Amino acid sequence: MYRLLIVDDEPLILNGLVELFSRLKDPELDVCPASTSDEALSWLYRTRIDIVLSDIRMPGMSGLELHGEIIKQWPRCKVIFLTGYSDFSYIQQAIRQGSVDYILKTEGNAKIVDSVTAAVKELEKEHLTDSLLLQAKQQKLMALPHLQKQYMSELLHSDESIGAIGLKFAELGIDLDAEGPCLLMIARIDDWGRLQSLTDRTLIQFALDNMTRELLSPLTKVLSIHFEKNKMVWFIQPMEAEPTEDTYKRAGIFVREMLEEIQRNSAALLKLPISLALASEFVAWDKVARKVEWLNLLYHSGLGMGRELILLEPGPGELDNNYNEETRLTTVHFNKVEYLKSCLENGQEDEFFSTLEELLAFASFTGPFPSSVQLELYYLLVSVYMPHGLKHSLSGAAGQEELGRYTQLERYESWQEVCEEFTQFAWRIFGWKKEGMNVQEHELITKIQQYITSHLAGDLSLTRIGEVVGHNPSYLSRLYKKLTGQGLSAYINELRLDKSKHMLERDRYKVHEIAKELGFLSPQYFHRFFKKATHLTPQEYRELKRDRKG
């Protein structure tokens with residue numbers, strides 16, 4: 001829906017134009033009338049205006065001066081000047097200021113409607129214009145390095161397929177092979193020294209990335225991202241287009257032997273002490289997230305607590321019995337827990353339950369109940385559910401006791417019981433949210449209808465109704481139609497028709513009084529409106545009802 005502001009200081013012309021465009025079905029317009037430049041400015045500062053149909057000569061501020069204010073507030077607004085003066089100097093100035101059209105009042109309603117329709121088409125065209133698409137492509141090129149790093153960060157929190165990763169690499173111009181395995185390296189800044197500001201730290205990380213890229217460039221291609229507060233992750237592959245098994249082996253040895261050089265250059269050139277942790281093998285991209293998790297663990301125990309370290313991940317044959325990557329939650333799982341929160345907030349039932357099922361199923365294979373993974377996941381899910389449970393559950397001691405039992409894992413005898421409990425609890429939360437939404441929707445519709453009923457002679461524009469109920473006008477129009485199956489304009493007209501019939505049946509109201517009482521722009525407008533709806537004039541309807549009573 002587009003918003004049309006009509007500005008004219010002659011009431012007859014203003015009312016006629018408002019009536020003309022209020023009846024128009026296509027394009028659908030929200031019509032805002034203004035009889036003075038001050039009223040027009042008030043509309044401009046209250047809501048977005050898409051098209052202005054304005055008299056070019058008015059007392060106070062002229063149409064051309066008003067146009068200057070319009071483009072300051074709404075640069076893409078289309079302005080159509082309507083005047084009885086065929087003054088060429090005005091036409092020239094209007095064109096220079098960028099108005100979309102210039103119409104003489106003598107040209108008739110059809111020409112005016114055509115001009116407004118053309119303005120609507122121009123607005124729609126601008127959304128798809130080639131120049132905007134070109135501009136977007138140029139901006140994408142400028143943002144490409146950031147987008148590449150952003151995607152690589154997301155890759156550590158997802159479980160995308162190799163095919164999806166390959167498509168994304170191609171789209172973002174990432175010079176890495178989604179089909180080939182990748183070697184991971186994590187750098188930890190051990191001491192920032194005097195670099196306290198985020199800007200300074202970002203610059204030094206940028207310098208560390210460039211230096212490392214240069215040192216590894218003879219045999220490898222790399223891409224780095226920031227990881228956690230003081231770490232960076234490098235994704236490394238052989239430089240060759242079609243690497244062999246021997247190529248991977250040589251690249252791995254090269255990177256391993258360059259770790260000391262990277263560390264030494266960082267200390268000497270950047271005055272930055274760093275520790276480095278390198279994976280023991282190249283891994284496929286769908287294993288990268290888990291590999292980074294395990295590589296990061298090297299910093300959290302044993303030698304990893306020191307400074308300026310070089311840590312090498314144990315090889316497959318060197319893992320001890322406690323090193324089992326299948327029995328702990330990873331960042332991918334934590335990310336899915338966060339996703340559950342957003343699904344609950346947004347009412348996304350299908351997405352919530354499919355993700356919940358994945359998490360619960362994963363935990364079911366992590367050992368006898370309660371395993372460490374089950375224990376960790378249980379309390380993570382409690383943190384997801386509890387805010388919604390506290391908000392929507394029963395009040396009082398009974399409600400508190402019911403919620404409190406969800407913090408007691410020991411009351412369950414199996415993980416299956418936990419799964420059933422959390423699934424049922426989620427259904428109850430979604431039920432509470434739906435019930436609350438239905439109540440709010442009912443209250444909103446009631447509030448809208450009460451305002452319309454009590455202000456039939458006043459401002460019933462979408463903008464005003466939106467201000468009263470606290471919603472964006474365009475969104476409000478869509479929401480009302482979705483909830484009631486009827487547009488707001490149709491409801492207003494229906495209410496006016498019903499009330500006008502009631503008033504016509506009572507002889508004490510004159511037709512022009514009814515028109516004014518119900519907010520019609522003129523008695524003539526009311527006459528046409530009533531006859532179109534009932535096929536009778538107001539007077540014919542009154543006489544018909546009077547005869548039936550007699």
Side-chain angles (χ1 to χ4, degrees), residues 1-127 129 131 459 461-464 473-474 521-522 524-525:
M1 178 180 290
Y2 291 96
R3 194 162 291 112
L4 170 66
L5 172 62
I6 302 176
V7 190
D8 201 299
D9 61 334
E10 296 183 34
L12 188 61
I13 294 176
L14 178 63
N15 293 341
L17 290 172
V18 170
E19 179 187 348
L20 173 67
F21 286 104
S22 296
R23 296 198 312 264
L24 203 64
K25 299 295 184 183
D26 185 28
E28 187 178 4
L29 298 168
D30 180 22
V31 182
C32 308
S35 59
T36 66
S37 55
D38 286 342
E39 288 182 12
L41 291 174
S42 176
W43 280 112
L44 291 171
Y45 300 145
R46 282 171 65 191
T47 187
R48 189 194 80 246
I49 299 295
D50 301 299
I51 306 169
V52 174
L53 180 61
S54 174
D55 190 358
I56 207 166
R57 292 181 183 246
M58 295 187 301
M61 180 181 289
S62 72
L64 294 175
E65 290 172 326
L66 176 62
H67 181 261
E69 295 300 316
I70 292 169
I71 59 177
K72 286 180 185 177
Q73 184 68 26
W74 306 110
R76 296 194 177 188
C77 180
K78 304 303 178 185
V79 179
I80 304 169
F81 285 123
L82 184 64
T83 184
Y85 298 87
S86 55
D87 190 323
F88 186 70
S89 64
Y90 275 103
I91 297 174
Q92 284 183 316
Q93 191 172 350
I95 293 172
R96 282 198 299 270
Q97 289 192 183
S99 67
V100 71
D101 211 342
Y102 181 99
I103 306 172
L104 294 176
K105 293 180 180 178
T106 56
E107 293 188 77
N109 288 346
K111 175 64 176 175
I112 296 172
V113 171
D114 287 345
S115 185
V116 170
T117 302
V120 169
K121 290 180 179 177
E122 186 67 24
L123 287 169
E124 292 174 344
K125 182 180 177 182
E126 285 182 359
H127 293 302
T129 182
S131 62
D459 183 359
S461 65
L462 279 176
T463 298
R464 179 56 187 154
S474 298
L521 297 172
S522 65
Q524 294 80 9
Y525 183 14

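Since the structure is predicted, the reported quantities are computational estimates derived from the model, not experimental observations.
Rounded to the nearest 0.5 angstrom, K111 NZ and I80 CD1 are separated by 10.0 Å. Summarising the geometry, atom CD1 belonging to I70 is positioned 8.5 Å from atom CG belonging to L41; distances are rounded to the nearest 0.5 Å. Between the CG atom in D8 and the OG atom in S35 there is a gap of 9.5 Å [rounded to 0.5 Å]. Here CG of L29 is found 5.5 Å from CG of L4. Values are rounded to the nearest 0.5 Å. Between the CD1 atom of I103 and the OG atom of S115 there is a distance of 3.5 Å, given to the nearest 0.5 Å.
Across A119 and K78, no two heavy atoms sit closer than the pair CB-CB, 4.0 Å. Summarising the geometry of V116 relative to I51, their closest heavy-atom pair is O-CD1, 4.0 Å, with the distance given to 0.1 Å. Closest approach of L82 and I112 over heavy atoms only: CD1-CD1, 3.9 Å. The two residues W74 and R48 come nearest to each other via the heavy atoms CZ2-CA, 3.3 Å. In plain terms, the two heavy atoms of R3 and C32 that are nearest each other are CG-SG, 3.6 Å. Contact between T463 and T47 at its shortest, heavy atoms only, is OG1-CG2, 3.4 Å.
Looking only at distances, a side-chain donor or acceptor of W43 sits under 3.5 Å from a matching main-chain atom of P33. Side-chain atoms of D9 do not come within 3.5 Å of backbone N or O of T36 as any donor-acceptor pair.
By the 6.0 Å contact criterion, CG on L24 is enclosed, its count of non-hydrogen atoms from other residues, nucleotides or ligands being greater than 12.
The shortest side-chain heavy-atom distance between I71 and C77 does not fall under the 4.5 Å cut-off. Side-chain contact between H67 and S54 is absent, with no heavy-atom pair separated by less than 4.5 Å. Residues L66 and V79 fail the side-chain proximity criterion, which asks for heavy atoms closer than 4.5 Å.
For E107, there are no salt bridge (Lys or Arg N to Asp or Glu O under 4.0 Å) partners, not counting sequence neighbours.
Note on K72 versus E69: salt bridge recorded, some NZ/NE/NH1/NH2 to OD/OE distance being below 4.0 Å.
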- Item | Derivation of the side-chain contact (heavy atoms from CB on, under 4.5 Å) call for D30 and D50 | CA-CA 10 Å; D30 180 22; D50 301 299; over 6 Å; no
- In sequence, state the C-alpha distance, the side-chain angles, and the governing distance for F21 and I6, and then conclude on side-chain contact (heavy atoms from CB on, under 4.5 Å). CA-CA 10 Å; F21 286 104; I6 302 176; 3.9 Å; yes
